[in-house]
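The block underneath contains the structure these notes are about, expressed in C-alpha cells.
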Amino acid sequence: MEDKLIIGGQELESRLFIGTGKFSSHEIIPKVIAASGSQVITMALRRVNFSNEQDNVLNYIDKKCILLPNTSGARNAEEAVRIARIAREAGCGHWVKIEVISDNKYLLPDNYETIRATEILAKEGFVVLPYMSPDLMAAKRLEEAGAAAVMPLGAPIGTNRGLMTRELLRILIAEIKVPIIVDAGIGRPSQAAEAMEMGAAAVLVNTAIATAQDPVQTARAFSLAVQAGRMAFLSGPGAVQEYAVASSPLTGFLHK
C-alpha cells in the first residue's frame, strides 16, 4: 500500500526526521543519515560555519536531503524571521523550523511568538514547520497561519524522557489537519514507535541518536521503529477492553 507523507508539496518516504547537533564529530553525520534513511535534516543556522569548509556542517549532509534550518537562539518572532531569511539567502532552501524560546531552564517554546513568526514566513513562501508546546488552540492558529505541519514536543528538549505529553498529542493528532511531527524528548526507538502508532505523521530525533554509544546503529533502530509504528497505525489495532475476553469459546466442550 502506498503511504507517502506530503509536506509543502514534497513527497517523503521516510517519516523519521533527524538533527545534526551534539554529534562527536561531523564525520559521523553522513553515516547516521544513511542508516536512518531520513530525507529531512534539521540544523541550527548558528552552527553553520560558512567561513570554514572543514567545520561547515552543510558539507556533511547529502545534497538529496531536504534541509530544515531551525531558528534556534531566537527569543521572539522578529529574531526567528530574521534567522529564516538569512538561511534562505545562504542557500539553505525555503523550509524552516520555527523555534522561539526565551525560557532557559525548560527550553519550552513560546507559542504566541511562534504563531506570529509563522504568519510572516508563510506569506513569504516558506514551508514553515513550527516547534510548539502541544496546545490545541495554538495548533489551530498555526494551521490557520499557514504552517505546513506542526511539531509538538513529547518532553523538554534533550531529556530523552519520551511522550510525557501523550494525551495532548492524541488531541492534536485527532483535531489538526496538517501533519503532526512529534519533536523533542523522544529517547528510545520504542517511544518513536508509540508516537507513530498513535497516528503521528512523523517524528524528529536528535539527542537520542547523537548521544548514543553507537549513533549509527541507533539511527537504524529508530528507522525500523518508525516504520513498525506506522504499519501498526495503518493496520488498525484491536479495541482495548476493560474485562477479559476469551479468544476461544468457554462452553460446549467439557461442560455444557
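These numbers come from a predicted model, not from an experiment.
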Do [X] and [Y] land in one hydrophobic cluster if side-chain heavy atoms of ILVMFWY residues count as linked below 4.5 Å?
X: Leu169; Y: Phe222; value: yes
X: Leu67; Y: Met151; value: no
X: Ile33; Y: Leu12; value: no
X: Tyr131; Y: Leu108; value: yes
X: Trp95; Y: Ile98; value: no

Nearest-0.5 Å distance that lies between atom OG1 in Thr159 and atom OH in Tyr106 =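 Thr159 atom OG1 to Tyr106 atom OH measures 12.5 Å (nearest 0.5 Å).
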What I want to find out is whether [X] reaches [Y] closely enough, with some N-O distance under 4.0 Å, to be called a salt bridge.
X: Glu167; Y: Arg170; answer: yes
X: Arg230; Y: Glu197; answer: no
X: Arg85; Y: Glu124; answer: yes
X: Arg116; Y: Glu78; answer: yes
X: Lys97; Y: Asp183; answer: yes

Please identify each residue that fulfils salt bridge (Lys or Arg N to Asp or Glu O under 4.0 Å) with Glu144, with sequence neighbours left out.
->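 Glu144 satisfies salt bridge (Lys or Arg N to Asp or Glu O under 4.0 Å) with no other residue.
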From CA spacing to verdict: side chain to side chain contact (heavy atoms under 4.5 Å, CB included), Ile18, Leu16 = CA-CA 6 Å; Ile18 64 170; Leu16 173 60; 3.9 Å; yes
When you look at Ser102 and Asn76, which way does the side chain to side chain contact (heavy atoms under 4.5 Å, CB included) test go after all the steps?
-> CA-CA 8 Å; Ser102 57; Asn76 54 50; over 6 Å; no
So, the side chain of [X] versus the backbone of [Y]: is there a donor-acceptor pair under 3.5 Å, distance only?
X: Gln39; Y: Cys65; result: no
X: Thr71; Y: Glu99; result: yes
X: Glu79; Y: Arg75; result: yes
X: Asn111; Y: Met132; result: no

Passing option when Thr118 is tested against Val128, Leu129, Val96, Val100 for side-chain contact (heavy atoms from CB on, under 4.5 Å) = Val128
Are the ring centres of Phe126 and His94 closer than 6.0 Å?
-> no
Quick one: do the [X] and [Y] side chains pair a donor with an acceptor below 3.5 Å?
X: Thr207; Y: Lys22; result: yes
X: Gln217; Y: Arg220; result: yes
X: Gln227; Y: Ser223; result: yes

Given the rule in the salt bridge (Lys or Arg N to Asp or Glu O under 4.0 Å) test, do Asp3 and Arg15 qualify, once you have shown the distances and angles that lead to the verdict?
-> CA-CA 10 Å; Asp3 178 39; Arg15 293 172 180 269; 3.1 Å; yes
